Amino acid sequence: MTVFTLLRCICTHPMNRKHKTRAVFRFFGWQIKSRVVRRGIVIPWVNGSRLMVRKGMTGATGNIYNGLHEYADMGFLLHLLRPSDLFLDVGSNVGVYTVLASSAIGSHAIAIEPVPAAFESLNDNITLNTTSALVELHNIGVGAKEGTLTFTAGHDTMNHVVTDASDAQEVLSVPVDTLDHVLAGRCPMLVKIDVEGFETPVLEGAEGLLDQPSLQAIIMELNGMGARYGFDDIVLHQRVLDHGFTACSYDPVSRELKVCQGIDHDGGNMIYVRDVEKVRERLRSAPKFKVAGYLL
């Protein structure tokens, strides 16, 4: 992505449209600071939470520029979860969603990240926010069965399972378990799944979880990357619907949850909800959160 394209994305982000100049200054300020300070930089974030960010952390730096990098999905998490809830973060990377759940809200969380470098940064962010008592960390992959898988390394948020290690320059072998085994009967209120196209095997190992009535929502990446493994987003989408979920979109400002027809997104995440009216009530009754100087 070129600097021009990135700046355009920043200026059109929902949280920056009325304050484009401020957002551009944040971008250039980070570019300078991250080149001068080689170690991780602590960034104040939502409701007193903090992020440890380093140069090159694409997903994490988006929160510096935009307040909430994945605006609708992060806003949905903030308004849905309560301190008594359990959140499951599959493919947590450096832990931005887990930090929102555990530090900004006070929920319990289970975070799963297979790549050791990202897992170390995830652990750093949990330690930084002093939420170790709320968060259970797993440095593993998840799939349809126990075993091992080969992952790329060194691609930040784009690390993924590889079926032919000869096609990747840097790879590592990672132990794999199923979500049903990791959860051991526990059921989260919300699950986020971001595994770069490997969502189908993840759900194959989570049939028990998907049938739990107390699982009210799933945030899942659907961007066509499953095709490299022979998976179809439409089939995956229907699999979730068959477990009693409805595809939705969310506006964090109006707190409006809309039912979608088909796969309705711009190549990013989909939100699936089991009991639409129950979730709507939760979203409306959530407290406000301070994000980049705004109340959301």
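Just so we're clear, the structure is a prediction, and the values are computed from it rather than from any experiment. Values reported hereafter were calculated over all heavy atoms of this structure, with side chains retained and with hydrogens, waters and symmetry mates removed.
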message = For a quick check under 3.5 Å, do Arg26 and Asn66 share a side-chain donor-acceptor pair by atom type?
response = no
Check: Glu120 and Glu113 side chains under 4.5 Å, non-hydrogen atoms = no
query = Does NZ or CZ of Arg274 lie under 6.0 Å from the centre of the six-membered ring of Phe245, at an angle within 45° of the ring axis?
reply = yes
ask   = Any salt bridge between Glu281 and Lys278, counting N to O under 4.0 Å?
value = no
request  = Check the side chains of Glu70 and Asn269 for a donor-acceptor pair under 3.5 angstrom, ignoring hydrogens and angles.
outcome  = yes
message = Strictly below 4.0 Å, N to O, side chains only: are Arg239 and Glu199 in salt-bridge contact?
response = no
message = To the closest 0.5 Å, what do you measure between CD (Glu196) and CD (Glu221)?
response = 4.5 Å
request  = Kindly indicate, with the supporting measurements, whether the criterion side-chain contact (heavy atoms from CB on, under 4.5 Å) is fulfilled by Val94 and Phe119.
outcome  = CA-CA 6 Å; Val94 303; Phe119 183 82; over 6 Å; no
message = So if I apply the side chain to side chain contact (heavy atoms under 4.5 Å, CB included) rule between Leu88 and each of Val182, Ile193, Ile110, which one comes out positive?
response = Ile110
ask   = Can you find a pair of side-chain heavy atoms, one from Ile112 and one from Ser92, that are under 4.5 Å apart?
value = no
ask   = Should the pair Tyr250 and Phe76 be assigned to parallel (<30°), tilted (30 to 60°) or perpendicular (>60°) ring geometry?
value = perpendicular
task = Check whether any side-chain heavy atom of Thr150 sits under 4.5 Å from a side-chain heavy atom of Val161, and report yes or no.
result = no
Which atom of Leu81 lies closest to which atom of Ser107, heavy atoms considered = CB-OG, 3.7 Å
query = Is Asp275 paired with Arg280 through a side-chain N to carboxylate O contact shorter than 4.0 Å?
reply = no
message = For Ala111 versus Thr98, what's the shortest heavy-atom pair and its separation?
response = CB-OG1, 3.5 Å
key: Heavy-atom pair of closest approach, residues Ile271 and Val273   = CG2-CG2, 4.0 Å
message = How close do Ser49 and Ser103 get, counting heavy atoms only, and between which atoms?
response = CB-OG, 3.3 Å
Asp85 bridged to Arg282 by N-O distance under 4.0 Å = yes
query = Picking from Leu100, Leu77, Leu134, what satisfies side chain to side chain contact (heavy atoms under 4.5 Å, CB included) with Ile105?
reply = Leu77
key: Considering all heavy atoms, the nearest Ser249-Cys260 contact   = N-SG, 3.4 Å
ask   = Is the closest side-chain heavy-atom distance between Phe87 and Leu80 below 4.5 Å?
value = no
His160 and Phe198, any side-chain heavy atoms less than 4.5 Å apart = no
ask   = Using 30° and 60° as the class limits, which term best fits the ring planes of Phe289 and His79: parallel, tilted or perpendicular?
value = tilted
task = Provide the closest heavy-atom pair for Asn139 versus Pro175 in the form atom of the first, atom of the second, distance.
result = O-CG, 4.4 Å
inquiry  = As an exercise, state the distance from CG of Leu257 to SG of Cys248, rounded to the nearest 0.5 Å.
reply    = 4.0 Å
query = Say you draw a straight line from NZ of Lys33 to CD1 of Ile64; how long is it, rounded to the nearest 0.5 Å?
reply = 9.0 Å
query = Got Met15 and Val291 here, is their nearest side-chain heavy-atom distance under 4.5 Å?
reply = yes
ask   = Heavy atoms, side chains only, cut-off 4.5 Å: are Leu241 and Gln238 in contact?
value = yes
message = For the CG atom of Asp194 and the CG atom of Asp89, what is their distance to the nearest 0.5 Å?
response = 8.5 Å
message = What verdict does the side chain to side chain donor-acceptor pair (under 3.5 Å) test give for Arg82 and Ser285, after you've listed the backbone C-alpha separation in whole Å, the side-chain angles of each residue and the deciding distance to 0.1 Å?
response = CA-CA 11 Å; Arg82 303 292 188 269; Ser285 62; 3.1 Å; yes
query = Can you check whether Ile10 reaches Val24 side chain to side chain, under 4.5 Å on heavy atoms?
reply = no
key: Working for ring pair (Phe, Tyr, Trp, His ring centres under 6.0 Å), residues Tyr272 and His237   = CA-CA 9 Å; Tyr272 296 96; His237 172 76; 5.6 Å; yes
ask   = Does the pair Arg186 and Gln212 meet the rule for a side-chain contact (heavy atoms from CB on, under 4.5 Å), with working shown?
value = CA-CA 10 Å; Arg186 296 170 293 178; Gln212 288 288 338; over 6 Å; no
key: Aromatic ring proximity His69/Tyr97, centre distance under 6.0 Å   = no
task = Evaluate the side-chain contact (heavy atoms from CB on, under 4.5 Å) criterion for residues Arg54 and Asp124: first the C-alpha distance (whole Å), next the side-chain angles of each, then the deciding distance (0.1 Å), finally the verdict.
result = CA-CA 12 Å; Arg54 297 179 179 85; Asp124 287 344; 3.5 Å; yes
